[in-house]
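Note that the structure is a prediction, hence the values are computed from the model and not measured. The chains referred to below are lettered A, B, ... by the order of the sequence lines, with proteins before strands, and numbering in each begins at 1.
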Amino acid sequence: MATAGGDGDGDPTQPFPADLDDNGFPALPSSPAATTTSSSGFAEDFYRSGTDWSSLRARRRPPPEGAPGVKAKGKEGGSLVQSSLFQAWGLERPRREEGAGAGESSLVQRSLFQAWGIERPKREGVGAGDRSLSPSRSGSWSGRKRRRGGPDEAAAAAAMNPRTCPFYKKIPGTPFTVDAFRYGEVEGCSAYFLSHFHHDHYGGLTKKWCHGPIYCSALTARLVKMCLSINSDYICPLELDTEYVIEGVTVTLLEANHCPGAALIHFLLSDGKTYLHTGDFRASRSMQLHPLLQRGRINLLYLDTTYCNPKYKFPPQEDVIDFVVSTARRYLKKQPKTLIVVGAYSIGKENVYLAISQALEVPIYTDASRRRILHSFGWTDLSKRICPCNQSSPLHVLPLGSVNHEKYLGTLNQRFLAVLAFRPTGWTFSEATGKQLDLIKPRSNGSVTIYGVPYSEHSSFTELKDFVMFVRPLKLSDIQCVKIMVREEQSTYFFEC
DNA sequence: GCGATCAGTT
DNA sequence: CACAACTGATCGC
């Protein structure tokens with residue numbers, strides 16, 4: 001963006017700088033002149049994106065009417081999330097005492113506001129203290145920060161600018177990005193990874209895509225080709241659990257247990273550094289058995305923190321499926337002419353309706369576009385149960401948004417006298433439903449009954465914690481960039497419990 | 001008509 | 001209400 005330098009010449013792409021300082025933040029060049037050429041690198045992006053990362057989550061921009069310095073209204077403050085992962089996990093920060101000369105076992109972990117000695121932007125922020133972690137860093141950062149004298153509006157604007165690829169989608173030391181298609185061509189990026197085929201991750205991919213190869217699982221690749229009409233020359237399918245050397249980096253995709261085709265991405269750099277990007281995933285015990293996670297040390301973990309808060313509890317998927325199946329059985333026994341409806345996004349939740357189909361020995365009806373997608377998975381157990389006639393099956397799959405009381409009331413005719421619907425979502429959570437599925441109460445309206453069931457394809461808080469404690473990364477980063485936690489050096493544990 | 005962006009929905 | 005992920009409306013080209 002900064003330079004108009006000729007694209008398309010033969011220069012090999014420069015990797016995003018790998019230098020992270022002791023606190024896990026990208027190192028700035030000590031001499032500005034030295035690196036003017038790579039002015040839009042990883043570190044630049046990191047700092048340019050500002051420190052108020054809450055803006056990345058803000059739903060709307062500030063109203064244009066307001067004076068430039070006017071603070072956001074109260075509601076916006078409510079979406080501000082800067083808590084540390086320790087807070088999120090409800091753990092005490094490990095004490096440093098413990099004598100025994102355990103060296104520097106302390107964990108360094110704080111919000112970026114704290115890390116850079118900057119007050120949270122509650123008030124006009126000029127005087128907000130210039131202390132920062134290391135004196136050497138302080139100079140360059142505060143110099144940058146205060147170019148305009150006031151709060152770093154340029155940084156805030158960059159963070160706001162949805163066209164700028166945020167640093168946390170770039171893999172340092174490589175020319176790779178993950179799920180970064182909505183920013184056009186990303187300078188320095190010569191390989192674009194797609195973790196899975198959900199809209200908020202592939203957004204920006206259109207048939208006009210021409211910015212570079214798209215690496216993803218074979219199943220995701222089929223969906224990209226099929227649904228988005230991307231030129232197949234750009235699509236690079238990778239088999240799971242297979243090492244590929246891409247631009248000198250060894251890349252392996254691991255099953256993410258999120259939706260069909262979703263993958264964790266494991267990067268092994270030529271210098272031995274190992275990065276793991278989880279994409280969206282549901283962590284599990286069996287995931288921990290993967291050789292790449294058993295053996296090697298992970299230097300930096302990019303974590304899906306969707307439900308990184310103790311309030312999010314949900315049961316194992318198998319338990320929810322058992323509940324759904326037995327509920328369906330019960331309703332059918334009471335009223336054999338019951339239509340069973342399962343809500344689902346474009347892809348995901350297949351195991352819910354597949355289990356019903358298998359247990360009740362009925363086919364699965366869904367509309368033509370979803371049938372096409374489901375068949376493309378190449379899962380014979382699923383494909384053989386799909387039928388194209390809605391009268392032939394008492395089991396229908398609908399978009400989640402269509403599963404409500406109004407819809408499908410009209411389908412009540414001779415064939416169906418009642419409707420039993422399931423909405424599998426991650427945010428159906430509570431103490432009660434987390435432990436006792438039987439306590440889930442449906443919403444009923446006449447002969448239509450709707451159950452919200454806590455079937456999540458993201459990790460629960462506990463699963464996330466177990467996963468991180470197992471992996472024990474040297475550094476940890478939030479892929480949604482709400483919080484960051486970093487750890488000093490080589491200490492041998494992450495959490496004390 | 002296409003795509004990017006934002007608002008709204010469950 | 002939460003959240004992810006989608007759907008629809010609007011705007012610019």
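Taking the side chain of A:His258 as heavy atoms from C-beta on, and the options C:dC3, C:dC6, C:dA5, the nearest nucleotide is C:dA5. Comparing B:dG3, C:dA5, C:dA4 against the side chain of A:Tyr307 picks out C:dA4 as the nearest. With C:dC6, B:dG3, C:dA5 as the candidates, the nucleotide lying closest to the side chain of A:His201 is C:dA5. The nucleotide whose nearest atom lies closest to any side-chain atom of A:Asp280 is, among C:dA4, C:dA5, B:dA4, C:dA5.
Taking atom NE2 on A:His458 and atom C1' on C:dA4, their separation rounds to 6 Å, with Å as the unit. Rounding to whole angstrom units, CZ of residue A:Arg423 and P of C:dA4 are separated by 15 Å. Between A:Phe314 atom CZ and C:dA4 atom C1' the separation is 12 Å, expressed in whole Å. In this entry the distance linking CG of A:Asp200 with P of C:dA5 reads 5 Å, nearest Å. Between the C1' atom of B:dG3 and the NE2 atom of A:His211 lies a distance of 13 Å, rounded to the nearest Å. Separating the CG atom of A:Leu228 from the P atom of C:dC6 is a distance of 11 Å, rounded to the nearest angstrom. In this structure, NZ of A:Lys349 is placed 12 Å from C1' of B:dT10, rounded to the nearest angstrom. The CD1 atom of A:Ile373 sits 14 Å away from the C1' atom of C:dA5 (whole-angstrom rounding).
Counting only N and O atoms by type, the side chains of A:Ser284 and A:Asn257 include no donor and acceptor under 3.5 Å apart. With hydrogens and angles left out, the side-chain atoms of A:Asp280 and A:His201 include a donor and acceptor closer than 3.5 Å.
Note on A:Ser346: a side-chain N or O is less than 4.0 Å away from OP1 or OP2 of C:dC6. A sub-4.0 Å separation between OP1 or OP2 of C:dA5 and a side-chain N or O of A:His198 is present.
From A:Leu228, atom CG reaches atom CD1 of A:Ile214 across 8.5 Å, with rounding to the nearest 0.5 Å.
Under 3.5 Å, the side chain of A:Tyr345 and the base of C:dA4 form at least one donor-acceptor pair of N or O atoms.
A:Tyr192 has its ring centre no less than 6.0 Å from the ring centre of A:Tyr215.
For the pair A:Ile356/A:Ile340, a side-chain contact is recorded, criterion being any heavy-atom separation below 4.5 Å from C-beta on.
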